[in-house]
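Owing to the predicted nature of the structure, the values given are computational and were not obtained by experimental measurement. Labels below follow one simple rule: chain letters A, B, ... track the order of the sequence lines, proteins then strands, and each chain is numbered from 1.
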Number of protein chains: 2
Amino acid sequence: MNADEERSSRLRELGLTPTIQRLAVLEYLDNTDEHPTADKVYTAIRERFPTISRATVYNTLALLTKSEAIVRLTIDPAASRYDAADSPHAHFFCRICRNVYDIDLPQGSPSLSVADGHKIKAVQTYAYGICAACLKRHKEEKDA
Amino acid sequence: MNADEERSSRLRELGLTPTIQRLAVLEYLDNTDEHPTADKVYTAIRERFPTISRATVYNTLALLTKSEAIVRLTIDPAASRYDAADSPHAHFFCRICRNVYDIDLPQGSPSLSVADGHKIKAVQTYAYGICAACLKRHKEEKDA
DNA sequence: GTGGCTGCAAATCATTTGCATATAC
DNA sequence: GTATATGCAAATGATTTGCAGCCAC
């Protein structure tokens, strides 16, 4: 079973029709580590499927998020970011370049599924600061 | 020094003029635990200061966030929430009633100030699920 | 007096929605 | 054939911005 067939059956298992558009969104997220915004996904996919609409991308991302096939990150105050949901990890947001990076900070442990009587379904850990690339660039500018 | 004077000097220390509007925003956040949206802050303050504008509230919240006098939470996908920045703690978002609660999940420890070469300035831990009140209501509806 | 702050209204930008058409099965 | 999904355009809602007048110091 190739990657495309695997994605089709993943969608079917979720009770979702595996349309070209949904497969394209899943494929794009599977093959990027840049945690794109919805608009970035739209722009990227449109190069291969020029007729896809923004609404379809938004609908698809919402659907896949609800099915837990992908994860929606609210780390960026300006727009939601999306991540192919594989292994749990924390995320880092660079306040200068606005890129999102995976990091290895320990996430809340799965055992902590209840707090103060609230039922916890998911935990996200977000770190904010300046990324390695921007630190380096900043340093070079000072030295120059 | 009363609470109002304390807030005035807090603002002065940050290099900000302690205007009525800014003091009102700070006071409101100091005395609530509901993690309000900007619009909620605006509506609440307007009862005492009917001439305050939405733009001023947004500007003030942005300014106080930048000065680290308050914390902006991106836990709610629909709108930023604001929290008087006292002791670090994690937050819980109820997907049913959309309320935000403080919880005691361990935040990323301060020692983890660098990851993969990124300089970490702040860490936020967000948990998502169903709050105690909504769980209770849901159970009662089933029993009825 | 003047530079920073406020209030207003308009602009912007992400996201959602209604609806007619097209597609999957 | 029918339910479901897509595409388009318009609507919505949070947030930002330009600018003229006002206030703190």
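- Look at OH on A/Tyr58: it is 18 Å from P on D/dA10, rounded to the nearest Å.
- For B/Tyr126 and A/Tyr126, the ring centers are positioned less than 6.0 Å apart.
- Closest-nucleotide positions on DNA chain D for B/Ala55 and B/Thr19 were compared, and the one nearer the 5' end corresponds to B/Ala55.
- Side chain of B/Asp76 to main chain of B/Ala78: a donor-acceptor pair is present (N/O by atom type, distance under 3.5 Å, no hydrogens or angles).
- Rounding to whole angstrom units, CZ of residue A/Arg46 and C1' of D/dC8 are separated by 13 Å.
- For D/dG7, one of the phosphate oxygens OP1 or OP2 lies less than 4.0 angstrom from a side-chain nitrogen or oxygen of A/Thr56.
- Between D/dA5, D/dG7, C/dC5, one nucleotide has an atom nearer to the side chain of A/Thr17 than all others, and that is D/dA5.
- Each of C/dC25, C/dG7, D/dG7 was ranked by its minimum atom distance to the side chain of A/Ile52; first place goes to D/dG7.
- A/Asn59 comes within 4.0 angstrom of a nucleotide base, judged by non-hydrogen atoms across all strands.
- Taking every side-chain heavy atom of A/Ser80 into account, C/dT15 is the closest of C/dT15, D/dA5, D/dC25.
- Within the nucleic acid shown, A/Ala62 has no heavy atom closer than 4.0 Å to any nucleic acid atom.
- Within 4.0 Å of B/Thr37, counting heavy atoms only, lies no atom of the nucleic acid at all.
- One finds a side-chain N or O of B/Gln21 lying less than 4.0 angstrom from the OP1 or OP2 phosphate oxygen of C/dG7.
- Toward the 5′ end of DNA chain D lies the nearest nucleotide of B/Ala78, the other residue of the pair B/Ile20 and B/Ala78 mapping further downstream.
- Closest non-hydrogen pair, B/Ile75 versus B/Arg81, comes out as CG2-CG, 4.4 Å.
- Taking atom CZ of residue B/Phe49 and atom P of nucleotide C/dC5, one finds them 18 Å apart after rounding to whole Å.
- Relative to the side chain of B/Ser53, the nucleotides D/dA5, C/dC8, C/dC5 differ in distance, and C/dC8 lies closest.
- D/dT6 atom P lies 10 Å from atom CG of A/Leu11, rounded to whole Å.
- Between B/Arg12 and D/dC25 there is a side-chain polar atom (N or O) within less than 4.0 angstrom of OP1 or OP2.
- With hydrogens and angles ignored, the 3.5 Å screen pairs a side-chain donor or acceptor of A/Thr74 with a backbone N or O of B/Thr74.
- When rounded to the nearest whole Å, the span between CG of B/Asp39 and P of D/dT15 equals 8 Å.
- Side-chain heavy atoms closer than 4.5 Å link hydrophobic residues (I, L, V, M, F, W, Y) into clusters, and following such links, possibly through other members, connects A/Leu14 to A/Tyr28.
- For B/Ala38, the listed nucleotide lying nearest its side chain is D/dT15; candidates were D/dA9, D/dT6, D/dT15.
- Among D/dC25, C/dA14, D/dG7, the nucleotide with an atom closest to any side-chain atom of A/Ala79 is C/dA14.
- One atom, CG of B/Leu23, and another, C1' of C/dC5, lie 13 Å apart when rounded to the nearest Å.
- In this structure, the nucleotide among D/dT15, D/dC25, D/dT17 sitting nearest to the side chain of B/Arg54 is D/dT15.
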